[in-house]
A.B. asks: 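Before I ask anything, let me first share the structure, which is written out below as structure tokens.
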Amino acid sequence: MSGTVVENPMSHRAVDRADTLLSAHRQFGDSTAIELRNVARYRLGLTMLARRDEASAPALRAVAALDDERLRPLLFDPVLRNCFEDDMARLENDVLEHSALGAHFTRHPVDPASGGGTCEALTHPMRRAWDAYGPAWILTGLRPRGESEEALGKRLLELYRNAFEGREDANPIDPDAPTREGLRSGADLLVALMPHTGASVLRHVALVGFTRGESAEGPLQSLSGGDPLPSAVLMAPERCATPWLAAETLLHEGAHLKLFDALRSGSVVEDPDRRVPIPWRIDSWRVVRVFVALHFYVHMLVFQAASAAADDTLRERFGAPPTAEDVDEPSPGTPAALEGTYRTSAERARYLAGCALALPPGALTDNGRRFLGWLLDTLRLVLDDVPEGSVAPATVPDATVADVPAGSLTRVEPVDACALPELGQLVVATAHSAKLHWLNRRSWAIYALCDGRDGASLRAAYAELAKLPAGSDTVAEQVARSVEGLAAAGLITVGA
């Protein structure tokens with residue numbers, strides 16, 4: 001099905017501005033910041049798992065002590081990441097007895113000096129997906145050596161086949177030279193069109209697999225893994241037939257992987273079960289899926305605008321861009337199918353933006369409101385008639401500043417914590433809970449000052465630290481708000 005690629009051609013300056021905006025948001029757009037938070041979460045998660053599983057504790061702590069460079073390939077390995085996320089889910093639901101990841105590292109210790117221990121080491125021949133945009137590798141044949149690699153390879157194929165509803169005949173395809181060249185050209189084109197966003201999304205891809213298979217919606221075109229197959233993009237070889245098709249596919253699936261990583265350090269919805277009707281689909285969607293789709297369509301509209309604005313140099317190197325977009329068909333029997341509507345990214349983005357703005361107060365977290373604002377700001381650069389407005393918080397802050405509770409304010413111990421000074425954040429969890437709390441610079445400072453002092457002493461110490469006037473309403477408000485949040489999170493106690 002075809003639709004117009006862009007409604008209004010944009011200038012190079014407007015495209016550059018949209019591209020920069022998509023990659024600049026510290027929580028959702030900046031890949032360096034997203035990766036730092038994910039590495040911190042992984043390091044802290046390993047430490048938390050070690051607290052609950054004494055048998056695996058030495059191995060888990062040994063991996064947690066690795067530097068970021070060595071920890072990153074373990075974090076973004078599809079099998080090890082899947083195992084970690086499963087462990088963390090069981091920990092959060094208080095049903096963890098033994099860490100599966102800890103058992104793996106106990107049986108097969110990670111050698112800090114080696115490059116082994118990940119699924120990439122099993123592939124033969126070993127091939128990189130591209131040269132300059134991160135260490136993504138291509139799933140080719142598997143040639144495990146020894147028990148450890150046998151187990152990794154078996155699990156990788158199991159997760160891979162689960163992406164196709166467990167079909168045993170779904171096997172990876174070792175791509176031929178033209179397909180590999182098409183993939184590399186697609187990555188080069190994506191970064192040429194969208195220098196900031198293209199390079200950013202490609203950093204979140206660890207594995208590229210080629211396959212032909214069936215999904216519930218028909219023959220596979222492409223898909224990205226979440227928890228089931230993390231950090232992975234699977235696609236049909238035909239998606240690399242032209243650089244433009246490959247670039248679009250990599251942007252589509254890479255943006256999903258990037259958002260998956262970003263959401264690990266902050267939820268966007270308060271009520272995960274709230275649903276929204278979708279006129280091109282039979283079933284309604286949860287709000288988080290609405291946001292995932294809106295995130296994708298915003299990226300795709302910027303890509304379309306960049307394609308339309310491509311100069312002669314790009315067209316000579318990669319060929320002419322497509323004149324129409326391919327959008328998946330509306331489900332049969334839906335209003336969109338019957339009325340011929342919602343057949344372009346622009347139509348769908350407007351609808352989803354309107355749905356998000358129509359949510360009642362309190363439906364989104366603070367992160368969710370920032371996320372929506374960022375998407376709308378970008379969308380308005382590439383699309384006309386975007387709905388106006390914003391989602392209100394659940395409650396309007398009282399003009400009267402609440403006082404700090406009387407008594408001593410003390411940090412709960414023991415805790416597991418990981419500092420991110422580059423981002424001004426501290427991630428912390430108590431030993432009695434698996435919930436991670438992400439403190440900003442202000443809450444971090446006030447949390448550090450909760451050493452048994454009372455409210456008056458805390459305000460005075462914070463005013464000096466923040467270089468604010470002692471006794472000011474600003475100090476009183478900031479301390480009161482932070483103490484309220486820290487107490488609600490169970491990170492501090494109020495004594496007599």
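If you're wondering where the values come from, they're calculated on a predicted model, not measured in any experiment. Position 1 is the first residue of the sequence, and the numbers go up from there. Excluded from the calculations below are hydrogen atoms, water molecules and symmetry mates; all remaining heavy atoms, backbone and side chain alike, are included.
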A.B. asks: Would you call R81 and D77 a salt bridge, using N to O less than 4.0 angstrom?
C.D. replies: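 The answer is no: the pair does not qualify as a salt bridge.
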
A.B. asks: Taking only residues two or more places apart in sequence, or in another chain, which ones meet D416 in a side chain to side chain contact (heavy atoms under 4.5 Å, CB included)?
C.D. replies: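 Partners of D416 under the side chain to side chain contact (heavy atoms under 4.5 Å, CB included) test: L44, T47, M48, R51.
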
A.B. asks: Hey, can you tell me if Y351 and W280 have their rings parallel, tilted or perpendicular (30° and 60° cut-offs)?
C.D. replies: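 Perpendicular.
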
A.B. asks: Drop me the distance from N162's CG to L229's CG, to the nearest 0.5 angstrom.
C.D. replies: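 CG of L229 is found 9.0 Å from CG of N162.
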
A.B. asks: Using side-chain heavy atoms (C-beta onward) and a distance below 4.5 Å, is V428 in contact with Y447?
C.D. replies: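 Side-chain contact under 4.5 Å: yes.
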
A.B. asks: So E149 and L122, side-chain contact (heavy atoms from CB on, under 4.5 Å) or not? Walk me through it.
C.D. replies: CA-CA 7 Å; E149 292 188 352; L122 315 184; 3.1 Å; yes

A.B. asks: Using atom types as modelled and distance alone, determine if a side-chain donor or acceptor of S31 lies under 3.5 Å from a backbone N or O of S200.
C.D. replies: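 Yes; judged by distance alone, with no hydrogens or angles, the pair exists.
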
A.B. asks: Just verifying a value: how many Å separate S224 OG and L259 CG, rounded to the nearest 0.5 Å?
C.D. replies: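 Interatomic distance, S224 OG to L259 CG, rounded to 0.5 Å: 10.0 Å.
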
A.B. asks: Applying side chain to side chain donor-acceptor pair (under 3.5 Å), can you list everything that pairs with D176, at least two apart in sequence or on another chain?
C.D. replies: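 Here the qualifying residues are T179.
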
A.B. asks: Kindly compute the distance separating CZ (R180) from CD1 (I138), expressed to the nearest 0.5 Å.
C.D. replies: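 CD1 of I138 is found 6.5 Å from CZ of R180.
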
A.B. asks: List the atom of A187, the atom of L250, and the distance in Å for their closest heavy-atom pair.
C.D. replies: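 Reported closest heavy-atom pair: N-CD1, 3.7 Å.
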
A.B. asks: Minimum heavy-atom separation for A18 and V382, please, with both atom names.
C.D. replies: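 So the two residues come closest at CB-CG1, 4.2 Å.
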
A.B. asks: Report yes or no: does E85 contribute a side-chain atom to a donor-acceptor pair with the main-chain N or O of N82 at less than 3.5 Å?
C.D. replies: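 No: the side chain of E85 does not pair with the backbone of N82.
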
A.B. asks: For a 4.5 angstrom cut-off between non-hydrogen side-chain atoms, does V201 reach L257?
C.D. replies: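 When only atoms from C-beta onward are counted, L257 and V201 do not touch, as no gap falls below 4.5 Å.
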
A.B. asks: Looking only at side chains, do R370 and T365 share a donor and an acceptor under 3.5 Å apart?
C.D. replies: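 Per modelled atom types, R370 and T365 side chains form no pair under 3.5 Å.
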
A.B. asks: Is it the case that the side chain of R155 and the backbone of V79 share a donor-acceptor pair, with hydrogens and angles ignored and the cut-off at 3.5 Å?
C.D. replies: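 No; judged by distance alone, with no hydrogens or angles, the pair does not exist.
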
A.B. asks: Could you give the distance from CG (L294) to SG (C355), rounded to the nearest 0.5 Å?
C.D. replies: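 SG of C355 is found 9.5 Å from CG of L294.
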
A.B. asks: Which residues pass the ring pair (Phe, Tyr, Trp, His ring centres under 6.0 Å) test with H25, sequence neighbours left out?
C.D. replies: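 Partners of H25 by the ring pair (Phe, Tyr, Trp, His ring centres under 6.0 Å) criterion, ordered by chain and then number, come out as F28, W374.
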
A.B. asks: So does P330 get a backbone contact from the side chain of T334, meaning a donor-acceptor N/O pair under 3.5 Å?
C.D. replies: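 Absent.
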
A.B. asks: Determine the minimum heavy-atom distance between V208 and V205, stating which atoms define it.
C.D. replies: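 The pair with the smallest heavy-atom distance is CG2-CG1, 3.8 Å.
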
A.B. asks: Classify the side-chain pair R72/N38 by whether it contains a donor and acceptor separated by less than 3.5 Å.
C.D. replies: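 There is no such pair between these side chains.
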
A.B. asks: State whether the side chain of D19 and the backbone N or O of T197 hold a donor-acceptor pair below 3.5 Å, judged by distance alone.
C.D. replies: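 The answer is yes, because a donor-acceptor pair under 3.5 Å joins these two groups.
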
A.B. asks: Looking at side-chain heavy atoms only, is the closest gap between V302 and L251 below 4.5 Å?
C.D. replies: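 A side-chain contact under 4.5 Å is absent here.
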
A.B. asks: If we only count heavy atoms from C-beta on, is the S345 to Q304 side-chain gap below 4.5 Å?
C.D. replies: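 Result yes, sub-4.5 Å side-chain heavy-atom pair found.
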
A.B. asks: If the condition is salt bridge (Lys or Arg N to Asp or Glu O under 4.0 Å), which residues does D53 pass it with, not counting sequence neighbours?
C.D. replies: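 Salt bridge (Lys or Arg N to Asp or Glu O under 4.0 Å) check on D53 returns nothing, list empty.
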
A.B. asks: Considering non-hydrogen atoms only, spot the tightest contact between A129 and R184 and give its length.
C.D. replies: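 Nearest heavy atoms, A129 then R184: O-CG, 3.2 Å.
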
A.B. asks: Just jot down the side chain to side chain donor-acceptor pair (under 3.5 Å) partners of R127, sequence neighbours excluded, or say none.
C.D. replies: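 So R127 forms a side chain to side chain donor-acceptor pair (under 3.5 Å) with D174.
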
A.B. asks: Go through N93 and R90 one step at a time and tell me if the side chain to side chain donor-acceptor pair (under 3.5 Å) criterion holds.
C.D. replies: CA-CA 5 Å; N93 290 305; R90 289 187 292 129; over 6 Å; no

A.B. asks: Hey, are R52 and E97 close enough for a salt bridge, meaning a charged N less than 4.0 Å from a carboxylate O?
C.D. replies: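 Salt bridge flag = no for E97 with R52.
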
A.B. asks: List in chain and number order the residues that pass side chain to side chain donor-acceptor pair (under 3.5 Å) with D366, two or more places apart in sequence or in another chain; answer none if no residue qualifies.
C.D. replies: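 For D366, the residues satisfying side chain to side chain donor-acceptor pair (under 3.5 Å) (neighbours in sequence not counted) are R369.
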
A.B. asks: May I ask you to decide whether E120 forms a salt bridge with R128, counting only side-chain N to carboxylate O separations under 4.0 Å?
C.D. replies: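 The answer is yes: the pair qualifies as a salt bridge.
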
A.B. asks: What is the minimum heavy-atom distance between A293 and W285, and which atoms define it?
C.D. replies: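 It is CB-CZ3, 3.6 Å.
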
A.B. asks: Could I get the full list of salt bridge (Lys or Arg N to Asp or Glu O under 4.0 Å) partners for D227, not counting sequence neighbours?
C.D. replies: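 Listed in chain order: R264.
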
A.B. asks: Can you list the residues that meet the side chain to side chain contact (heavy atoms under 4.5 Å, CB included) rule with K154, with sequence neighbours excluded?
C.D. replies: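 Counting only residues at least two positions away or on another chain, K154 forms no side chain to side chain contact (heavy atoms under 4.5 Å, CB included).
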
A.B. asks: Where do A55 and P58 come nearest, in terms of heavy atoms and distance?
C.D. replies: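 Shortest heavy-atom contact: O-CD, 3.9 Å.
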
A.B. asks: Would you sort out whether D68 and E35 count as a side-chain contact (heavy atoms from CB on, under 4.5 Å), showing the intermediate values?
C.D. replies: CA-CA 10 Å; D68 286 3; E35 182 176 310; over 6 Å; no

A.B. asks: Do L364 and V268 come close enough that some side-chain heavy atom pair is under 4.5 Å?
C.D. replies: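 L364 does not reach V268 side chain to side chain.
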
A.B. asks: Give a yes or no on whether the backbone of H124 and the side-chain of R143 come within a donor-acceptor separation of less than 3.5 Å.
C.D. replies: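 No; zero donor-acceptor contacts below 3.5 Å.
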
A.B. asks: For E484, which residues count as a side chain to side chain contact (heavy atoms under 4.5 Å, CB included) partner, sequence neighbours excluded?
C.D. replies: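 Per chain and number, E484 pairs via side chain to side chain contact (heavy atoms under 4.5 Å, CB included) with R481.
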
A.B. asks: Is it true that a side-chain atom of S307 and a backbone atom of F303 form a donor plus acceptor pair closer than 3.5 Å?
C.D. replies: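 The answer is yes, because a donor-acceptor pair under 3.5 Å joins these two groups.
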
A.B. asks: Between R348 and Y297, is a side chain to side chain donor-acceptor pair (under 3.5 Å) present by the stated rule, with each step listed?
C.D. replies: CA-CA 8 Å; R348 294 183 181 184; Y297 284 123; 3.1 Å; yes

A.B. asks: Could you measure the distance from the CG atom of L352 to the CG atom of L357? Nearest 0.5 Å is fine.
C.D. replies: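 These two atoms lie 11.0 Å from each other.
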
A.B. asks: Between S148 (side chain only) and H108 (backbone N and O only), is there a donor and an acceptor less than 3.5 Å apart?
C.D. replies: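 The answer is no, because no donor-acceptor pair under 3.5 Å joins these two groups.
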
A.B. asks: Would S231 and H204 count as a side chain to side chain donor-acceptor pair (under 3.5 Å) if you check the C-alpha gap in whole Å, the side-chain angles of each, and the deciding distance to 0.1 Å?
C.D. replies: CA-CA 6 Å; S231 308; H204 294 266; over 6 Å; no

A.B. asks: Answer yes or no: is there a side-chain heavy-atom contact under 4.5 Å between Y160 and P172?
C.D. replies: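 They are in contact (side-chain heavy atoms under 4.5 Å apart), so the answer is yes.
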
A.B. asks: Any chance you could measure T211, atom OG1, to L139, atom CG, to the nearest 0.5 Å?
C.D. replies: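 With rounding to 0.5 Å, OG1 (T211) is 9.0 Å from CG (L139).
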
A.B. asks: Can you run down the side chain to side chain donor-acceptor pair (under 3.5 Å) pairs that involve residues 268-279, sequence neighbours left out, and say none if there aren't any?
C.D. replies: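 For residues 268-279, and leaving out neighbouring residues, the side chain to side chain donor-acceptor pair (under 3.5 Å) pairs sorted by first residue read R275-S284.
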
A.B. asks: Apply side chain to side chain contact (heavy atoms under 4.5 Å, CB included) to L420 and list each qualifying residue two or more places apart in sequence or on a separate chain.
C.D. replies: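 For L420, the residues satisfying side chain to side chain contact (heavy atoms under 4.5 Å, CB included) (neighbours in sequence not counted) are L36, R37, A40, E422, L423, Q425, W438.
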
A.B. asks: Looking at K435 and E92, is any side-chain nitrogen of the basic one under 4.0 Å from a carboxylate oxygen of the acidic one?
C.D. replies: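 So E92 does not pair with K435 through a salt bridge.
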
A.B. asks: Are any non-hydrogen side-chain atoms of D261 and F76 less than 4.5 angstrom apart?
C.D. replies: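 In short, these two side chains touch, coming nearer than 4.5 Å.
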
A.B. asks: Hey, can you pull the donor-acceptor pairs under 3.5 Å for the side chains in residues 241-249, sequence neighbours left out?
C.D. replies:
| unit_1 | atom_1 | unit_2 | atom_2 | d |
| --- | --- | --- | --- | --- |
| T242 | OG1 | L245 | N | 3.1 |
| W244 | NE1 | F318 | O | 3.2 |
| W244 | NE1 | G319 | O | 3.0 |
| W244 | NE1 | A320 | O | 3.4 |
| T249 | OG1 | R239 | NE | 3.0 |
| T249 | OG1 | R239 | NH2 | 3.2 |
| T249 | OG1 | L245 | O | 2.8 |

A.B. asks: Side chains of H437 and T430: closer than 4.5 Å at any heavy-atom pair?
C.D. replies: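 Counting from C-beta outward, H437 and T430 never come under 4.5 Å.
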
